[in-house]
Amino acid sequence: MRSFFGDYMKIGDIELKNNIIIAPLAGYTNIAFRKICKEMGAALVYTEMISAKGLLFENDKTWELTNTCETEHPVSVQLFGGTVEDITKAVQMLDKRDDIDIIDINMGCPVRKVLKSGSGSALLEDPKKAYEIVKAATSNTKKPITVKMRAGVDHNSINCKEVARMLEEAGAKMIVIHGRTRSDMYRGSVNLDYIKMVKEAVSIPVVGNGDIRSIDDAKKMIEYTGCDGVMIGRGAIGNPWLVRDLVGYFTKQTIKDAPSRKEKIDMLKYQFDEMLKIKSEKNAVLEMRTIANYYVKGFKNAKELKIKLVNLKTKEEFYDLIRYMKEE
């Protein structure tokens, strides 16, 4: 096993303070969530996945997804796009932004809507195009270009090792490999062999992604694959203390106690407060109704709370429910 303690990654000229990274998650990794993860010690955070074509069409909602805040640097903006032209133009636009540190290209998303545009994991079917997209991106920005990918289209066409080598040659500064195939979607367990294959194939940093929900999960991934960092996704939703614990363990700090019910309720309120700063009341309430389900998981009255959450429509109702939870 390589030394994971105090041996931190550099992505181009950007040196991370540890090796714990937050994954891009559509509908979740907005500024509010990223801010919390940064406060918990995460070294790098990603925006939600952003359409390159949406940026080119000057779509306001798409551009809003690129917004960042002062406390979250370094931050990576993740793009998806199916043509060299779209990615090139989007990268050129983002290159002018001083509040963006890294640009990531998605080659892993298995969702049909993304695949139809030739984006996401569809690019694994055409390694030459994947190479050309990354080559064009690196030629049009001074910011580091990274790639997040899957192992292949299915288990009969695992080509992550070959694609990773091509992406490194094209100028990618880091590869994140999710240890599933496109056909797996989010089912089953992550396959660590795929992450190990990529780590052994390239000399740039490789980050493992998939099924990290505890320190033991991260240790197992690192020890088996030799990866340079781990990316946390759904495991941190409603549980940002996972980030704190991983950072604490891998930076040799004392691991704190699990959060109390009060701490979970306070964090839920904090995230909702932050959401209201960046979204309309309607959208903040709608999105936090889903996120709150993760926070109350394990509460004795979780079933009752989840029923109440479904019917919330205003911030006043949301705050009323939080006060009710505190009184329980």
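Computed from a prediction, not measured in an experiment: that's the story for all the values here. Along the sequence shown, residues carry numbers from 1.
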Sub-4.5 Å side-chain heavy-atom contact between [X] and [Y]:
{"X": "V230", "Y": "I21", "result": "no"}
{"X": "S203", "Y": "E168", "result": "yes"}
{"X": "I158", "Y": "M197", "result": "yes"}
{"X": "N239", "Y": "K264", "result": "no"}
{"X": "L309", "Y": "L321", "result": "yes"}
{"X": "I36", "Y": "Y270", "result": "yes"}
{"X": "M231", "Y": "I20", "result": "no"}
{"X": "P144", "Y": "I14", "result": "yes"}

Could you tell me whether the side chain of [X] and the main chain of [Y] form a donor-acceptor pair under 3.5 Å?
{"X": "D126", "Y": "K129", "answer": "yes"}
{"X": "K143", "Y": "R97", "answer": "yes"}
{"X": "D216", "Y": "K219", "answer": "no"}
{"X": "E48", "Y": "G27", "answer": "yes"}
{"X": "W241", "Y": "A258", "answer": "no"}
{"X": "N19", "Y": "D228", "answer": "yes"}
{"X": "D95", "Y": "K142", "answer": "yes"}
{"X": "E263", "Y": "S260", "answer": "yes"}
{"X": "T29", "Y": "L25", "answer": "yes"}
{"X": "R180", "Y": "G188", "answer": "yes"}

Rounded to the nearest 0.5 Å, the CG atom of N59 sits from the CD1 atom of I50 at a distance of 11.0 Å
Rounding to 0.5 Å, atoms CG (L246) and CZ (R213) come to a distance of 12.5 Å
In terms of side-chain geometry, is the basic nitrogen of [X] or [Y] positioned less than 4.0 Å from the acidic oxygen of its partner?
{"X": "E72", "Y": "K35", "result": "no"}
{"X": "K220", "Y": "D211", "result": "no"}
{"X": "D184", "Y": "R150", "result": "no"}
{"X": "K128", "Y": "E132", "result": "yes"}
{"X": "K196", "Y": "D193", "result": "no"}
{"X": "K277", "Y": "E274", "result": "yes"}

Can you list the steps and then say if I22 with Y46 is a side chain to side chain contact (heavy atoms under 4.5 Å, CB included)? CA-CA 6 Å; I22 304 302; Y46 279 59; over 6 Å; no
[X] to [Y], cation-pi by 6.0 Å centre distance and 45° axis angle:
{"X": "K315", "Y": "F272", "result": "no"}
{"X": "R261", "Y": "F299", "result": "yes"}
{"X": "R234", "Y": "Y186", "result": "yes"}

Does any donor atom in the side chain of [X] or [Y] lie under 3.5 Å from an acceptor atom in the other side chain?
{"X": "Y295", "Y": "Q271", "result": "yes"}
{"X": "D104", "Y": "T146", "result": "yes"}
{"X": "Y194", "Y": "H155", "result": "yes"}
{"X": "D273", "Y": "Y319", "result": "yes"}
{"X": "T141", "Y": "Q92", "result": "no"}

Minimum heavy-atom separation for [X] and [Y], please, with both atom names.
{"X": "D154", "Y": "N156", "result": "OD1-N, 2.9 Å"}
{"X": "I87", "Y": "F80", "result": "CD1-C, 4.2 Å"}
{"X": "T88", "Y": "A136", "result": "OG1-CB, 3.3 Å"}
{"X": "R289", "Y": "N293", "result": "O-ND2, 2.8 Å"}
{"X": "L268", "Y": "A292", "result": "CD1-CB, 3.8 Å"}
{"X": "I204", "Y": "A172", "result": "CD1-O, 3.4 Å"}

| message | side chain to side chain contact (heavy atoms under 4.5 Å, CB included), that's the test. Do M174 and V206 meet it? Break it down for me. | response | CA-CA 6 Å; M174 180 182 77; V206 171; over 6 Å; no
How about [X]: does its [atom1] atom have over 12 heavy atoms from other parts shown lying under 6.0 Å from it?
{"X": "K38", "atom1": "NZ", "answer": "yes"}
{"X": "E70", "atom1": "CD", "answer": "no"}
{"X": "K326", "atom1": "NZ", "answer": "yes"}
{"X": "E85", "atom1": "CD", "answer": "no"}
{"X": "N311", "atom1": "CG", "answer": "yes"}
{"X": "K89", "atom1": "NZ", "answer": "no"}

Per side-chain contact (heavy atoms from CB on, under 4.5 Å), V198 is matched among L167, I177, V163 by I177
* **Steps toward salt bridge (Lys or Arg N to Asp or Glu O under 4.0 Å) verdict (E64, K279)** => CA-CA 10 Å; E64 282 177 12; K279 295 180 180 288; over 6 Å; no
The residue among N67, T68, T66 that forms side chain to side chain donor-acceptor pair (under 3.5 Å) with D99 is T68
message: Could you walk me through whether M149 and V176 satisfy the side chain to side chain contact (heavy atoms under 4.5 Å, CB included) test, starting with their C-alpha distance in whole Å, then the side-chain angles of each, then the deciding distance to 0.1 Å, before giving a yes or no?
response: CA-CA 6 Å; M149 61 185 287; V176 178; over 6 Å; no
